[in-house]
Protein chains: 2
Amino acid sequence: MKDVDRLAKIFRALSNPNRLKIYSELLKSDQAKLDVGCGCPITDAVRSLKIGSPTVSHHVKELVNAELIIAERQGKFLVCRINPRTQDLARTLFG
Amino acid sequence: MKDVDRLAKIFRALSNPNRLKIYSELLKSDQAKLDVGCGCPITDAVRSLKIGSPTVSHHVKELVNAELIIAERQGKFLVCRINPRTQDLARTLFG
DNA sequence: TCGAAACTGTGACAATCGTCGAACTATGAG
DNA sequence: CTCATAGTTCGACGATTGTCACAGTTTCGA
């Protein structure tokens, strides 16, 4: 896939306010480096955003698909974290 | 408008490959600082992208609406340039 | 003043999106 | 084993999007 298309896909994923909120929450917790147990279980997003869990699940999948985040099941929970490579790619555009 | 919504709007505008191409062409010509007469008349985009002029016109309007670019009519042509403020705002997200 | 060039406006259309409710699966606690 | 919690899958729905063809407007050169 060409770079412009990867970037378009990344921006598409971030173009929905709810998805953008999920992503930027993850960015915040990433900076805070609260590694233990951190990583935004989906339930948190369901509570803070006002949308149902099927929708949140769908949004998370889109963020994963755009390679913006990495999701991993830990027991009962889904733990997500930022994908730094994609973060770098996005940074390149704006200089 | 809240920051997250402004950002979402910005990303929405860049989520279409053709719009992203227009924007990044402008970024390139901005860096090159070929000020004289530069600024991407829409006809160039119509030729290089393979879409009609009504569509390009529409895309440019969306970029202007997201405040990513500034468009100004100069005689027969529409001259566009990057809006550095919005560029800065977008940069903030990725650190 | 006439005509071409460079856009813009409108209305249409299929395609995609965001969200939901209902039903489902997986995990851990008791 | 049973139950609650966490998340997923599915099908549906209205809303939004990207593109086009066609017709209009503005500007400049001949």
Side-chain angles (χ1 to χ4, degrees), chain A residues 1-2 4-26 29 37-66 68-81, chain B residues 1-2 4-26 29 37-66 68-81:
Chain A
M1 184 154 56
K2 277 188 298 182
V4 68
D5 291 313
R6 282 198 60 198
L7 271 173
K9 194 173 171 184
I10 288 165
F11 293 137
R12 173 106 239 334
L14 295 175
S15 71
N16 175 276
N18 287 325
R19 268 191 315 257
L20 183 53
K21 275 171 205 155
I22 295 174
Y23 183 74
S24 68
E25 280 306 311
L26 280 173
S29 67
C38 166
C40 152
I42 289 199
T43 316
D44 291 359
V46 173
R47 282 196 205 97
S48 63
L49 314 177
K50 303 201 169 152
I51 55 184
S53 41
T55 307
V56 172
S57 186
H58 164 71
H59 283 329
V60 167
K61 233 189 308 182
E62 297 246 322
L63 289 170
V64 169
N65 187 249
L68 276 162
I69 69 174
I70 296 160
E72 190 185 353
R73 188 153 203 136
Q74 284 182 14
K76 242 194 332 185
F77 303 98
L78 190 74
V79 181
C80 305
R81 59 185 202 282
Chain B
M1 181 154 58
K2 276 188 299 185
V4 68
D5 292 313
R6 281 197 61 198
L7 271 174
K9 196 172 169 184
I10 288 166
F11 293 137
R12 169 108 241 331
L14 295 175
S15 70
N16 175 275
N18 287 325
R19 264 185 324 251
L20 183 54
K21 276 171 205 159
I22 294 172
Y23 183 74
S24 67
E25 280 305 312
L26 280 172
S29 68
C38 166
C40 153
I42 289 198
T43 316
D44 291 359
V46 174
R47 283 195 205 99
S48 62
L49 315 176
K50 302 200 171 154
I51 55 183
S53 40
T55 306
V56 172
S57 187
H58 164 69
H59 284 328
V60 168
K61 231 190 307 182
E62 297 247 321
L63 290 170
V64 169
N65 187 251
L68 276 162
I69 69 174
I70 296 159
E72 189 185 352
R73 187 151 205 137
Q74 283 183 12
K76 242 192 331 183
F77 302 97
L78 191 74
V79 181
C80 306
R81 58 185 203 280

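The sequence lines fix the lettering, A, B, ..., with proteins before strands; numbering per chain opens at 1.
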Separation between SG of B:C80 and CG of B:L26, rounded to the nearest 0.5 Å: 6.0 Å
Expressed in angstrom and rounded to an integer, what is the separation of A:L49 atom CG from C:dC20 atom C1'? 15 Å
Once salt bridge (charged side-chain N to carboxylate O under 4.0 Å, His left out) is applied, what residue pairs with a partner in residues 47-66 of chain B remain, sequence neighbours excluded? B:R19-B:E62, B:D44-B:R47
Looking at A:L68 and A:A13, what are the two nearest heavy atoms and their distance? CD1-CB, 3.8 Å
Say you draw a straight line from OG of B:S48 to CD1 of B:I22; how long is it, rounded to the nearest 0.5 Å? 8.0 Å
Near DNA chain C, which residues from residues 51-61 of chain B have a heavy atom under 4.0 Å away? B:S53, B:P54, B:S57, B:K61
Using atom CZ of A:R19 as one end and atom P of C:dT16 as the other, report the distance to the nearest whole Å. 15 Å
Could you state the NZ-P distance from A:K9 to C:dT16, rounded to the nearest angstrom? 14 Å
How bent is the helix from C:dT1-D:dA30 to C:dG30-D:dC1, comparing axes over its five end pairs at each side, to the nearest 10°? 30°
What is the distance, rounded to the nearest whole Å, between atom CG of A:N16 and atom C1' of C:dT16? 13 Å
Smallest heavy-atom separation, A:L20 atom then B:L7 atom, equals CD2-CB, 3.6 Å
Which pairs with one or both residues in residues 7-18 of chain B pass salt bridge (charged side-chain N to carboxylate O under 4.0 Å, His left out), sequence neighbours excluded? none
May I have the distance from A:E72 (atom CD) to C:dA26 (atom C1'), rounded to whole angstrom? 16 Å
Heavy-atom closest contact (B:A45 atom, B:V56 atom, distance): CB-CG1, 4.0 Å
Rounded to whole angstroms, how far apart are CG on A:N65 and C1' on C:dT16? 14 Å
Pairs where residues 68-77 of chain A contributes a residue and the test salt bridge (charged side-chain N to carboxylate O under 4.0 Å, His left out) is met, not counting sequence neighbours: A:E72-A:R81
With sugar-phosphate taken as primed atoms, P, OP1 and OP2 and all else as base, the protein-contact string of nucleotides 25-30 of chain D at under 4.0 Å (heavy atoms; B, S, -) is --BS--
Show your working on side-chain contact (heavy atoms from CB on, under 4.5 Å) between B:L14 and A:L14 and close with a plain yes or no. CA-CA 10 Å; B:L14 295 175; A:L14 295 175; over 6 Å; no
Expressed as a whole number of angstroms, how long is the span from B:F77:CZ to C:dT8:C1'? 16 Å
Test side chain to side chain contact (heavy atoms under 4.5 Å, CB included) applied to B:P17 - qualifying residues, sequence neighbours left out: A:D5, A:A8
Mind calculating the distance between CZ (B:F11) and P (C:dC17) to the nearest angstrom? 18 Å
Whichever of A:R12 and A:K50 has the more 5' nearest nucleotide on DNA chain C, that residue is A:R12
How would you list, by chain and number, every residue that makes a side chain to side chain contact (heavy atoms under 4.5 Å, CB included) with B:T55, sequence neighbours excluded? B:I51, B:H59
